[in-house]
Number of protein chains: 2
Amino acid sequence: MVKLSLVEENYLKAIYHLSGHGQENVSTNAIALQIQTTPASVSDMVRKLAKKKVVEYTKYQGVNLTNEGTKMALRIIRKHRLWEVFLVKELKFHWDQVHDVAEQLEHIQSPLLIQRLDEYLGFPKFDPHGDPIPNEHGEIEEKPKLTLSSLKECESGIIAAVKDTSAEFLKYMDKIGVYLGAQVTVMDIEQFDRSQEIEIDGAKRIFVSKQVSENILITQ
Amino acid sequence: MVKLSLVEENYLKAIYHLSGHGQENVSTNAIALQIQTTPASVSDMVRKLAKKKVVEYTKYQGVNLTNEGTKMALRIIRKHRLWEVFLVKELKFHWDQVHDVAEQLEHIQSPLLIQRLDEYLGFPKFDPHGDPIPNEHGEIEEKPKLTLSSLKECESGIIAAVKDTSAEFLKYMDKIGVYLGAQVTVMDIEQFDRSQEIEIDGAKRIFVSKQVSENILITQ
DNA sequence: AATATTTTTTAGATTAGTTTAAATTTAATA
DNA sequence: TATTAAATTTAAACTAATCTAAAAAATATT
């Protein structure tokens, strides 16, 4: 298993977060924005990471994590989230005080430390923000996906996937402004046909039929 | 207050440990040996630290910490020792497993974290090795110094200072091979005149009169 | 399809920290 | 005191990570 510097670890983590937990290619610019550096630096670093086999990279096409890279990113995220639990639960930090400190603590190298910390905290499954904590093998339990149609009035979620992947459906999604990662809130449900009025990103409101809402998957 | 990099922090800490908690000049070679680098690197770094006013440095004469530098070193050592207490007391580490991890944790920057950790651990005064924990202002309670003459047979200590600082006495110390930091063990005490046979660094044995042993201070 | 715009990459330079080898200073010794 | 040995510093070069500016490729627009 390759050794990564602190900076390389931060790149991996950024790529993981930007890839939306899937394997879409992440752009140089997006990474630069995320970790507050220049696209030029990202270009260099990404080639270095590709040489270490933790990302796949083709010039001008962006990057995505290899299996090994994903596991490493998740191990860093595991540490970050376990430390967050410790800070909030044991040291009485407020949930909005923990991020910067956890950002430092996540780079501490000691498998024994993390194993003991996990045990000490009672093997928590979620961090103080509700995000799942990956296991020691770099595996994460995805949040269960629900259909948009299962939401009640006033409930909301994040668009995670679609069941119907036909070109027509995707084109329709595009037309009504529904995209992966969008925040949706159910404003109203028409009892007669189960159609919903939904609000996208707290702004635009649209109507979707039951047939459509049954084909949209969300996480909460 | 100046900001130090992780590497600079390690230099400060090394200089603190090598200066025997006093203000003797620490040699370039000694620092290089301590932190596993070359004397050339130390020369460069030490000039940088002098510019930041955390050490005093004159070429070819070695360095010693300024008041500010000592405080900073002690704040790092405070963090190191508090983390050691946490690892041993809470996470059930064995005392010989903690050093490498504490070496990483001591560089985490968060005054709140250390304040809360201190509180969480019940404001411990000593680390698992018995070393005192400096307070948040970079002040440390020195271990009490005893005279060599107060040691019983088979007891030992580390030479910490001398009461008589005359040139003659120091020359005599030098002659018999007693130096600051040397480990001494009392092998035998002559009841008649209270003179002692002492072993230095587990090797050389010499005889010292009561008059001499009353003027040598040790820590244990 | 040609042009303009945006994104991405390359090239060259910079900083922190390091190294090796050579030069210098200090300390030791004869 | 002159010489040798040891410690220290300088010089030049290297690595990791970064930046700015310019070149190249991809995308969008007319």
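Just so you know, these numbers come straight off a predicted model, no measurement behind them. Chain letters run A, B, ... following the sequence lines, proteins first and then strands; every chain starts at 1.
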(message) Tell me if the aromatic rings of Phe86(B) and Phe86(A) count as close, with their centers under 6.0 Å from one another.
(response) yes
(message) Any carboxylate oxygen within less than 4.0 angstrom of a Lys/Arg side-chain nitrogen, looking at Lys52(A) and Glu8(A)?
(response) yes
(message) Looking at Glu103(A) and Lys13(A), is there a salt bridge between them, counting it only when a charged N and a carboxylate O are closer than 4.0 Å?
(response) yes
Length of the [atom1]-[atom2] vector between [X] and [N], whole Å:
{"X": "Gln61(B)", "N": "dT26(C)", "atom1": "CD", "atom2": "C1'", "answer": "8 Å"}
{"X": "Gln36(A)", "N": "dT18(D)", "atom1": "CD", "atom2": "P", "answer": "12 Å"}
{"X": "Tyr60(A)", "N": "dT6(C)", "atom1": "OH", "atom2": "C1'", "answer": "12 Å"}
{"X": "Asn29(A)", "N": "dA26(D)", "atom1": "CG", "atom2": "C1'", "answer": "13 Å"}
{"X": "Lys59(B)", "N": "dT24(C)", "atom1": "NZ", "atom2": "C1'", "answer": "9 Å"}
{"X": "Gln34(B)", "N": "dA7(D)", "atom1": "CD", "atom2": "P", "answer": "17 Å"}
{"X": "Ile35(A)", "N": "dC19(D)", "atom1": "CD1", "atom2": "P", "answer": "9 Å"}

Establish, with yes or no, whether the OP1 or OP2 oxygen of [N] is under 4.0 angstrom from a side-chain nitrogen or oxygen of [X].
{"X": "Thr37(A)", "N": "dC19(D)", "result": "yes"}
{"X": "Ser43(B)", "N": "dT8(D)", "result": "no"}
{"X": "Thr28(A)", "N": "dT9(C)", "result": "yes"}
{"X": "Ser27(A)", "N": "dT8(C)", "result": "yes"}

(request) Tell me which of Tyr11(A) and Gly62(B) sits closer to the 5' end of DNA chain D, going by the nucleotide each one is nearest to. (result) Gly62(B)
(request) Identify, between Arg47(B) and Ser5(A), the residue whose nearest nucleotide on DNA chain D lies closer to the 5' end. (result) Arg47(B)
(request) Give Ser41(B) one of three labels, base, sugar-phosphate or nothing, depending on what nucleic acid heavy atoms sit under 4.0 Å from its own. (result) base
(request) For the residue pair His80(B) and His99(B), categorise the inter-ring angle as parallel (less than 30°), tilted (30 to 60°) or perpendicular (more than 60°). (result) tilted
